[in-house]
Chemist: 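One structure is given below, represented as structure tokens, and several questions about it will come after.
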Amino acid sequence: MGGFRLVVCLWSVWISLSLILVSAQVPNYYANVCPNVESIVRNVVRTKIQQTFVTIPATLRLFFHDCFVQGCDASVMIASSGSNTAEKDHSDNLSLAGDGFDTVIKAKAAVDAVASCKNKVSCADILAIATRDVVALSGGPSYTVELGRLDGLVSKSSDVNGKLPKAGFNLDQLNSLFANNGLSQTDMIALSAAHSLGFSHCNQFAKRIQKPIDPTLNKTYATQLQQMCPKNVDPTIAINMDPITPRTFDNVYYQNLQQGMGLFSSDQVLFTDSRSKPTVNSWASNSAAFEKAFSTAMTKLGRVGVKTGSNGNIRRDCSSFN
Ligand code: HEM
Ligand SMILES: *[C@@H]1O[C@H](CO)[C@@H](O)[C@H](O)[C@H]1NC(C)=O
Ligand SMILES: CC(=O)N[C@H]1CO[C@H](CO)[C@@H](O)[C@@H]1O
């Protein structure tokens, strides 16, 4: 038994080592060229949050969209030019708030202001670090960010088709899209707690509050949503996704689901589907278990489609190719 455990243990050490080597992702990747990269990024993020709260949800969502389309390679940052319509101009991006882009641009400038760091740190890694920081600075868990991603060489609006989840997705649709990115149902439920803060436009859930009202929606909450989002509402109006603690990253997201207060069908289904309900119930009452699962899932998300070698480079300007 002891011998077996040792073998299993060595085996998993070997597997993790080979994963690290294959993905070229290690926590202290910049130790020699830019040892302070994480504190430089953190300071920019902190200042930017003081200027506007939207920094937090905007950066978190930007990272998610980046990773699910072509991998975590900052391809989402590229501006369209000439005949190339880039990822960020796909309609599914409509609501990617400019403050996420701005955070990365500012952090990159601060990193590049240090001589030894100049043009040595990828935009993809800066986005990954900034994302960890916005979560931690809004009450969520902190975790070690694996580093060593290169910036991608391709960004096409057409590549976004079918890569991002829709607010009307059911559990099977959510699971299959996340599985395409190497993420389990547990990871998907954990990552959905990103909707613990930030904003949504009314059109994303308008159908649920029109008669007949979605029966999985809490009636009191439905009435509140109808008042905030009347028919013919200004399409630029956005409302809090977590009505109880909208500015804190926490497990109240799961408690809301238990009350029928998930904003999207894709949120509420995590509680109504018996396959995911036990996980929701467990994390609603156990914040530590949720935070652990979220950190694990974010680390896995950060490994999606990482570019190395000739598949990428270090962009000088995050919003355009070198
Ligand atoms: C599970 C499937 C998911 C669906 C269907 C989904 C869908 C959406 C939609 C429709 C919005 C509102 C867009 C708008 O009208 O402005 C939104 C907002 C947001 N999503 Fe998701 N999302 C999902 C998962 C995730 C994940 C995994 C993350 C990050 C880890 C994330 C982070 C966010 C954030 C932070 C916002 C607020 C953005 C802001 O306030 O600027 N979402 N999501
Ligand atoms: C609806 O939400 C209220 C709190 O706003 C809660 O007291 C009530 O139990 C919820 N109803 C259902 C069916 O979950
Ligand atoms: C932040 C950003 O660039 N959003 C763009 C997403 O795509 C729409 C077009 O569908 C643009 O108008 C937005 O500017």
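Every number for a ligand or one of its atoms is a count from 1 in the order of the listing. Remember, it's a predicted structure, so these values are computed and weren't measured experimentally. Residues take their numbers from the sequence shown, with the count starting at 1.
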Chemist: Hey, is D112 close enough to K108 for a salt bridge, meaning N to O under 4.0 Å?
Modeler: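 Salt bridge present between D112 and K108.
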
Chemist: Would you indicate whether R275, at its atom CZ, is surrounded by more than 12 heavy atoms from other residues, nucleotides or ligands within a distance under 6.0 Å?
Modeler: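 It does: R275 CZ has more than 12 such atoms within range.
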
Chemist: For R315 versus C318, what's the shortest heavy-atom pair and its separation?
Modeler: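 The answer is NH1-O, 3.0 Å.
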
Chemist: Within a distance under 4.0 Å of any heavy atom of F178, pick out the atoms of ligand 1 and give their elements.
Modeler: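 Near F178, meaning under 4.0 Å from one of its heavy atoms, ligand 1 has 1 (C).
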
Chemist: Residue-level breakdown please: for F64 versus ligand 1, do any non-hydrogen atoms fall below 4.0 Å on the side chain, on the backbone, on both, or on neither?
Modeler: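 The answer is the side chain of F64.
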
Chemist: Quick check: do I237 and C229 have side-chain heavy atoms less than 4.5 Å from each other?
Modeler: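 I237 vs C229: side chains apart.
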
Chemist: Should R303 and E146 count as an ion pair when the cut-off is N to O under 4.0 Å?
Modeler: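 Looking at E146 together with R303, the answer is yes, because their closest N to O distance falls below 4.0 Å.
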
Chemist: Check each atom of ligand 1 against the heavy atoms of G198 and keep those under 4.0 Å away; list them by number with element.
Modeler: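 Matching atoms, with element in brackets: 37 (C), 40 (O).
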
Chemist: With the side chain counted from C-beta on, respond yes when V280 and K277 share a heavy-atom pair under 4.5 Å apart, and no when they do not.
Modeler: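 Not in contact.
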
Chemist: At a 4.0 Å cut-off, with the gap strictly under it, does some heavy atom of F63 reach an atom of ligand 1?
Modeler: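 No; F63 lies far enough from ligand 1 that no heavy-atom distance drops under 4.0 Å.
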
Chemist: Check F264 against ligand 1 and report side chain, backbone, both or neither, counting heavy atoms closer than 4.0 Å.
Modeler: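 Side chain only.
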
Chemist: Can a non-hydrogen atom of S192 be found less than 4.0 Å from any atom of ligand 1?
Modeler: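 Within the 4.0 Å threshold, so yes.
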
Chemist: Can you tell me if M188 contacts ligand 1 (heavy atom of the residue under 4.0 Å from the ligand)?
Modeler: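 M188 does not count as a contact of ligand 1 under the 4.0 Å cut-off.
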
Chemist: Out of all atoms in ligand 1, which are within 4.0 Å of some heavy atom of A167? Include the element for each.
Modeler: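 Result: 5 (C).
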
Chemist: Side chain, backbone, both or neither: which applies to Q204 and ligand 1 if a contact is any heavy-atom pair less than 4.0 Å apart?
Modeler: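 The answer is the side chain.
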
Chemist: If we only count N/O pairs under 3.5 Å, is H195 in contact with ligand 1?
Modeler: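 Checking ligand 1 against H195, an N or O pair does fall under 3.5 Å apart.
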
Chemist: I need the contact residues for ligand 2: any residue with a non-hydrogen atom closer than 4.0 Å to the ligand, ordered by chain then number.
Modeler: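 Contacts of ligand 2 under 4.0 Å: N218, Q259, M261.
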
Chemist: Applying the side-chain contact (heavy atoms from CB on, under 4.5 Å) test to L153, which of N322, I78, N313 qualifies?
Modeler: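 Considering N322, I78, N313, a side-chain contact (heavy atoms from CB on, under 4.5 Å) with L153 is found only for N313.
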
Chemist: Taking side chain as C-beta onward, heavy atoms only, is V134 less than 4.5 Å from L137?
Modeler: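 Heavy-atom side-chain distance check fails, nothing below 4.5 Å.
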
Chemist: On a heavy-atom basis, I'd like to know which of A194, S200, A190 is closest to atom 28 (C) of ligand 1.
Modeler: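 Of the listed residues, A194 has the closest heavy atom.
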
Chemist: Taking side-chain contact (heavy atoms from CB on, under 4.5 Å) as the definition, give me every residue that meets it alongside T245, ordered by chain and number, with sequence neighbours left out.
Modeler: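 Per chain and number, T245 pairs via side-chain contact (heavy atoms from CB on, under 4.5 Å) with D242, T248, D250, V252.
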
Chemist: State, to 0.1 Å, how close V269 and S276 come at their nearest heavy-atom pair, and which atoms those are.
Modeler: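 Result for this residue pair: O-OG, 3.7 Å.
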
Chemist: Give the numbers and elements of all ligand 1 atoms closer than 4.0 Å to a heavy atom of M241.
Modeler: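 With M241 as reference, the close atoms of ligand 1 come out as 18 (C), 19 (C), 36 (C), 37 (C).
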
Chemist: Flag yes if more than 12 heavy atoms outside K292 fall under 6.0 Å of its NZ atom; otherwise flag no.
Modeler: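 Result for NZ/K292: open.
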
Chemist: Which atoms from ligand 1 have a heavy atom of S266 less than 4.0 Å away?
Modeler: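 Those of ligand 1 that fall under 4.0 Å from S266 are 5 (C).
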
Chemist: For ligand 1, does F169 get within less than 4.0 Å through its side chain, its backbone, both, or neither, judged by non-hydrogen atoms?
Modeler: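 Within the 4.0 Å criterion, F169 makes no contact with ligand 1.
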
Chemist: Which heavy atom in L60 sits nearest to a heavy atom in L197, and how many Å separate them?
Modeler: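 Looking at all heavy atoms of both residues, the shortest contact is CD2-CD1, 4.4 Å.
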
Chemist: Before accepting this row, confirm whether a basic side-chain N of the pair K48/D102 lies closer than 4.0 Å to the acidic partner's carboxylate O.
Modeler: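 Yes, K48 and D102 are salt-bridged.
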
Chemist: Is there at least one pair of N or O atoms, one from F199 and one from ligand 1, spaced under 3.5 Å apart?
Modeler: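 Yes - when backbone and side-chain N and O of F199 are compared with those of ligand 1, one distance drops under 3.5 Å.
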
Chemist: Can F68 and F178 be said to form a ring-ring contact (aromatic ring centres under 6.0 Å, His included), step by step?
Modeler: CA-CA 9 Å; F68 262 40; F178 278 71; 4.9 Å; yes

Chemist: State, to 0.1 Å, how close A190 and F294 come at their nearest heavy-atom pair, and which atoms those are.
Modeler: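 Scanning both residues completely, I find the closest heavy atoms to be O-CD1, 3.3 Å.
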
Chemist: Can you name the atoms of ligand 1, numbered from 1 with element, that are less than 4.0 Å from a heavy atom of L174?
Modeler: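 So the answer, numbered in order with elements, is 1 (C), 2 (C).
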
Chemist: Can a non-hydrogen atom of V54 be found less than 4.0 Å from any atom of ligand 1?
Modeler: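 No; V54 lies far enough from ligand 1 that no heavy-atom distance drops under 4.0 Å.
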
Chemist: Please identify which atoms of ligand 1 are closer than 4.0 Å to at least one heavy atom of P57.
Modeler: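 Matching atoms, with element in brackets: 35 (C), 37 (C), 38 (C), 39 (C), 40 (O).
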
